[in-house]
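The structure under discussion appears below in the form of structure tokens.
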2 protein chains.
Amino acid sequence: MRSNESFASAIRLRGMKLTRQRQLILEVLESSRGHPDAEMVYAKAKERDPRIGFATVYRTLALLKQLGLAEEHNLGEGHGHFEAVDKTKPHFHFTCLKCGKVVEFVSPQILRTTQSLCEKKGLLVTDIHLHFSGYCRHCRPAGSECAEKP
Amino acid sequence: MRSNESFASAIRLRGMKLTRQRQLILEVLESSRGHPDAEMVYAKAKERDPRIGFATVYRTLALLKQLGLAEEHNLGEGHGHFEAVDKTKPHFHFTCLKCGKVVEFVSPQILRTTQSLCEKKGLLVTDIHLHFSGYCRHCRPAGSECAEKP
DNA sequence: ATCTAAATGATAGTGATTATCAATATCAAA
DNA sequence: TTTGATATTGATAATCACTATCATTTAGAT
Ligand SMILES: [Mn+2]
Ligand SMILES: [Mn+2]
Ligand SMILES: [Zn+2]
Ligand SMILES: [Zn+2]
């Protein structure tokens with residue numbers, strides 16, 4: 001849960017400043033279910049700090065990405081969705097083209113295959129994004145109902 | 001090479017019109033090396049038809065995607081890159097974060113693993129995008145030179 | 001050749017993200 | 001604990017990729 005210390009040390013290591021806003025945005029992201037976009041992170045952060053700015057949200061999300069504490073995913077909408085990184089569970093994403101539902105996957109096998117493939121080519125892989133799209137159980141035949149969104 | 005016939009028939013099947021512009025854009029995409037973005041496709045098309053419009057390029061690329069004749073990839077820049085589909089060789093992409101070079105992969109094993117994983121969850125997969133990023137052979141240690149771009 | 005709906009192209013508009021910059025806050029040093 | 005240098009913020013303008021609009025053109029049927 002609290003990657004707060006590693007955040008603080010990573011920040012200080014680079015001569016940056018640990019601000020109230022940065023801590024808040026990380027907390028918002030870590031306490032979020034699913035894959036909020038920048039606007040959602042902004043809305044949640046604003047509940048706790050009404051003076052926070054949109055630009056700061058974007059800047060901080062970019063910073064968290066650089067530090068490896070957040071990932072950005074393209075889930076088929078025209079904008080990014082974010083997720084706090086839990087290094088113990090790298091996972092992949094499926095998006096239903098009809099209802100927009102996002103399903104998460106784990107596959108150590110795909111991770112292994114990818115790594116060995118890349119090593120053979122002399123590539124140093126820092127990030128893997130696997131994204132499928134198609135139709136979920138409910139949307140596949142001739143439609144039951146489907147609720148959740150990214 | 002010439003998926004021109006399948007294009008013509010797919011177009012007519014839907015009561016659409018086979019225009020000079022649509023044929024040109026498909027030809028441009030098929031004769032392109034690498035992964036041109038919309039602007040590059042526009043530039044190449046304009047060499048052969050100076051009157052062609054940007055909107056038509058976007059519209060046609062979207063159409064080709066729908067018909068399964070083109071794929072769009074997010075290679076880490078903020079915009080899409082396109083590629084004519086060669087159904088015999090589904091492949092994946094690696095982007096070097098330093099020099100921007102794109103390396104292509106083939107992995108029947110990953111394709112198989114993905115398909116079986118999704119079937120277990122009742123998902124109908126229509127599209128798989130696997131994208132790694134990191135540092136290529138030349139950019140990994142302390143830098144040799146690196147040329148090609150997306 | 002004529003007709004009609006689909007498609008085009010110029011351009012305005014949109015939505016997401018980034019740049020700018022004066023005001024503010026962090027944090028180290030005095 | 002004040003002070004001071006400067007990193008950061010927040011309001012907002014700007015940019016960038018892409019989409020909508022609409023008058024004009026064109027493909028393809030008759
Ligand atoms: Mn996820
Ligand atoms: Mn490719
Ligand atoms: Zn669905
Ligand atoms: Zn490189």
Side-chain angles (χ1 to χ4, degrees), chain A residues 4 7-26 28-29 35-67 70-82 150, chain B residues 4 7-28 35-67 70-82 150:
Chain A
N4 220 314
F7 184 42
S9 49
I11 285 274
R12 296 214 184 86
L13 193 67
R14 288 150 213 253
M16 297 174 135
K17 290 174 180 175
L18 188 64
T19 65
R20 182 171 37 85
Q21 292 93 330
R22 284 173 172 169
Q23 295 178 86
L24 173 55
I25 289 164
L26 176 56
V28 163
L29 196 64
H35 308 87
D37 55 21
E39 196 164 11
M40 177 60 67
V41 172
Y42 174 62
K44 288 237 191 92
K46 213 168 188 189
E47 287 175 12
R48 288 218 259 155
D49 178 359
R51 307 184 55 97
I52 203 163
F54 219 137
T56 301
V57 170
Y58 273 103
R59 278 188 295 239
T60 304
L61 288 172
L63 174 64
L64 292 172
K65 268 167 51 178
Q66 277 182 263
L67 300 181
E71 277 184 357
E72 180 173 1
H73 302 291
N74 279 99
L75 300 175
E77 308 181 47
H79 58 272
H81 289 252
F82 297 85
Chain B
N4 220 309
F7 185 40
S9 50
I11 286 274
R12 296 215 184 86
L13 193 68
R14 287 152 212 252
M16 297 174 135
K17 292 175 180 177
L18 188 65
T19 65
R20 182 172 37 86
Q21 292 92 333
R22 283 174 173 170
Q23 295 178 86
L24 172 56
I25 288 163
L26 177 57
E27 282 172 31
V28 163
H35 308 88
D37 56 20
E39 196 164 12
M40 177 60 67
V41 173
Y42 175 62
K44 288 236 190 95
K46 214 169 187 188
E47 289 175 11
R48 290 218 258 154
D49 178 357
R51 306 184 55 98
I52 203 164
F54 219 138
T56 301
V57 170
Y58 273 104
R59 277 187 297 237
T60 303
L61 288 171
L63 175 63
L64 292 172
K65 269 169 49 181
Q66 277 183 263
L67 299 181
E71 276 184 357
E72 180 173 2
H73 303 291
N74 277 98
L75 301 175
E77 309 181 48
H79 58 272
H81 289 253
F82 298 86

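Below, read A as the first sequence line, B as the second, and so on, with proteins coming before strands; counting in each chain starts at 1.
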Less than 4.0 angstrom between a side-chain N/O of [X] and OP1 or OP2 of [N], yes or no?
X       : N      : answer
A:Arg22 : D:dT8  : yes
A:Tyr58 : C:dT17 : yes
A:Thr19 : C:dA25 : no

In whole angstrom, what separates [X]'s [atom1] from [N]'s [atom2]?
X       : N      : atom1 : atom2 : result
B:Ile52 : C:dT8  : CD1   : P     : 8 Å
A:Gln21 : C:dT26 : CD    : P     : 7 Å
B:Ile11 : D:dT26 : CD1   : C1'   : 15 Å
A:Leu24 : D:dT8  : CG    : P     : 17 Å
A:Phe54 : C:dT20 : CZ    : C1'   : 18 Å
B:Arg59 : D:dT21 : CZ    : P     : 12 Å
A:Met16 : C:dA28 : CE    : C1'   : 18 Å
A:Asn74 : D:dC18 : CG    : P     : 11 Å

Show the numbers, then the answer: is there a side chain to side chain contact (heavy atoms under 4.5 Å, CB included) between A:Val28 and A:Val57? CA-CA 11 Å; A:Val28 163; A:Val57 170; over 6 Å; no

Could you tell me whether the side chain of B:Ile11 reaches within less than 4.5 Å of the side chain of B:Thr19, counting heavy atoms only? no

Are the side chains of B:Arg14 and B:Leu67 in touch, meaning some heavy atoms are under 4.5 Å apart? yes

Are a donor atom and an acceptor atom from the side chains of A:Arg59 and A:Thr56 found within less than 3.5 Å of each other? yes

Ignoring hydrogens and angles, answer whether the base of C:dA25 and the side-chain atoms of A:Lys17 contain a donor-acceptor pair closer than 3.5 Å. no

When you measure only distances, ignoring hydrogens and angles, does the side chain of B:Arg12 come within 3.5 Å of the base of D:dG28 through a donor and an acceptor? no

Relative to the 5' end of DNA chain D, which residue comes earlier, A:Tyr42 or A:Leu18, by the nucleotide with the nearest heavy atom? A:Leu18

Note: for A:Gly53 and B:Ala55 on DNA chain D, the residue whose nearest nucleotide lies more 5' is A:Gly53

Check the orientation of B:Phe54 and B:Tyr42. Use parallel for under 30°, tilted for 30 to 60°, and perpendicular for over 60°. parallel

If you look at every strand shown and take non-hydrogen atoms under 4.0 Å, does B:Arg20 touch a base, only sugar-phosphate, or nothing? nothing

